Amino acid sequence: MKEFAEPLARLVEEFEKLPGVGARTAERLAYHVLKIEREPAMALARAIRDVKDSLRPCSVCHNIAEADLCWICRADDRDRTRICVVEHAKDLIALEKSGAYQGLYHVLLGRLDPQRGKGPGETTISSLRHRLETPTNPAVEEVILATNPDAEGDATALALKEVLKDLPLKISRIARGLPSGGSIEFANVEILKDALQGRVDVADH
C-alpha cells in the first residue's frame, strides 16, 4: 500500500482482516483512528489487549469468562436442572436477551461440518457428556439443543442426541420458529422466546 504511510497501511491491512470489513471500510476505520485524540485511540488498543489477555473459556460450560467460571455458572439463581446447548457464545447472548430461559448453558465452540473436516473432536461434545455424567445437586433433567436451524446445526443436534441418548434425561430441540437456514445470533427476541418455549422432545422426531 504505497499510497499510505507504513503504520497507516498496516492498520488498514489489519482492519481488512476483520469479518465483513472491505477495503473502503478498513480505510475509513484507519483514518478515524488517525484522526481521533490519542486517549480514545489508546482506549481502543487497551480494550483489544484486555480481551486477549483477560478472557478465557469457562471451565464448565465454555462460555466467555474472566475467571475460572463464567457469571452464569457462578449464579445462584439459575435453574440447574436444565442445560441449553449452543454453538457459540454469541448464541448464548442472544438467548439471554430473550429473557425466556433461566437455566445453564453449554457452548460447543463450533458445530459438525464433515465437508470441512469438522467432527465431534472440533467441539466440546465430549466435555458435555462428561459434565452430564458428573453427579450434581440438583441433577440435570433436560438438555435443550439450540443449534442453528440449518444443515450443519441439524447434523450437530442429531450427533448430540446420539451421544446423550443413554443418559436418564430429557433431550429437547428448540422449535422451528426460526426460519430454516437462519441464525440464532440474528433472530429477534420474540422469535427466540417462541423457539425456547415451544421446544419439542427429540425422542418424538
Side-chain angles (χ1 to χ4, degrees), residues 1 4-78 83-113 116-128 130-131 144 146-148 150 152-153 156 182-189 192 196:
M1 292 186 180
F4 299 118
E6 196 273 336
L8 188 60
R10 281 195 291 114
L11 187 56
V12 171
E13 288 176 359
E14 292 305 319
F15 278 133
E16 276 194 86
K17 295 175 184 177
L18 298 176
V21 176
R24 290 286 182 87
T25 301
E27 289 179 20
R28 284 197 295 269
L29 290 171
Y31 273 112
H32 173 74
V33 172
L34 177 65
K35 196 166 53 175
I36 62 176
E37 296 293 330
R38 176 179 175 80
E39 185 48 41
M42 292 300 101
L44 172 62
R46 287 193 294 271
I48 294 172
R49 179 199 63 199
D50 290 346
V51 162
K52 300 307 295 180
D53 289 349
S54 302
L55 299 183
R56 69 195 78 176
C58 172
S59 65
V60 172
C61 76
H62 304 280
N63 184 25
I64 298 168
E66 293 182 71
D68 186 52
L69 297 179
C70 72
W71 70 272
I72 293 176
C73 286
R74 292 198 312 268
D76 294 328
D77 59 348
R78 306 293 295 204
I83 294 178
C84 183
V85 183
V86 297
E87 294 177 14
H88 299 286
K90 56 191 177 184
D91 301 323
L92 179 158
I93 292 168
L95 292 172
E96 278 295 293
K97 287 180 179 178
S98 77
Y101 179 72
Q102 293 299 317
L104 302 178
Y105 290 92
H106 190 88
V107 182
L108 294 174
L109 301 179
R111 57 188 185 161
L112 303 189
D113 189 351
R116 297 183 180 180
K118 294 183 178 179
E122 303 296 316
T123 70
T124 64
I125 289 177
S126 62
S127 172
L128 173 63
H130 175 73
R131 181 180 176 185
I144 304 166
T147 52
N148 282 309
D150 53 23
E152 292 80 9
T156 304
S183 173
I184 288 173
E185 176 189 3
F186 299 114
N188 69 44
V189 167
L192 290 176
L196 279 167

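Both backbone and side-chain heavy atoms feed into the values below; hydrogens, waters and symmetry mates do not. Note that the structure is a prediction, hence the values are computed from the model and not measured.
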### Task
Identify, with sequence neighbours excluded, every residue that meets side chain to side chain donor-acceptor pair (under 3.5 Å) alongside Glu122.
none
### Message
Please check this pair: side chain of Tyr101 against backbone of Cys84, looking for a donor-acceptor N/O pair closer than 3.5 Å.
### Response
yes
### Task
Write out all pairs satisfying ring pair (Phe, Tyr, Trp, His ring centres under 6.0 Å) with one or both partners inside residues 41-78, taking only residues at least two apart or from two chains.
His62-His106
### Query
Between Thr156 and Thr147, what is the shortest heavy-atom contact and its length?
CG2-CG2, 4.0 Å
### Task
State which residues pass side chain to side chain contact (heavy atoms under 4.5 Å, CB included) with Leu69; sequence neighbours excluded, sorted by chain then number.
Cys58, Ser59, Val60, Cys73, Arg74
### Query
Considering residues at least two apart in sequence or located in another chain, which fulfil the side chain to side chain donor-acceptor pair (under 3.5 Å) criterion with Asp113?
none
### Message
Are Tyr105 and Ile72 packed together at the side-chain level, in the sense that at least one heavy-atom pair is separated by less than 4.5 angstrom?
### Response
yes
### Residues which pass side chain to side chain donor-acceptor pair (under 3.5 Å) with Ser126, listed by chain and number, not counting sequence neighbours
none
### Contact check, side chains of Arg111 and Asn148, non-hydrogen atoms, under 4.5 Å
yes
#### Entry: Shortest non-hydrogen separation from Cys61 to Arg131 and the atoms involved
CB-NH1, 3.5 Å
## Note on the structure
With sequence neighbours left out, the residues meeting side chain to side chain donor-acceptor pair (under 3.5 Å) with Arg78 are Glu96
### Query
Which residues satisfy the salt bridge (Lys or Arg N to Asp or Glu O under 4.0 Å) test with Lys90, sequence neighbours excluded?
Glu185
Under 3.5 Å donor-acceptor pairs involving side-chain atoms of residues 20-37, not counting sequence neighbours:
unit_1 : atom_1 : unit_2 : atom_2 : d
Thr25  : OG1    : Arg28  : NH2    : 3.3

### Residue pairs, two or more places apart or on separate chains, that pass side chain to side chain donor-acceptor pair (under 3.5 Å) and touch residues 40-56
Glu39-Arg46
### Task
Test salt bridge (charged side-chain N to carboxylate O under 4.0 Å, His left out) on Arg10 and Glu6 and set out the steps.
CA-CA 6 Å; Arg10 281 195 291 114; Glu6 196 273 336; 2.8 Å; yes
### Summary
Residue set satisfying ring pair (Phe, Tyr, Trp, His ring centres under 6.0 Å) with Phe15, at least two apart, ordered chain then number -> none
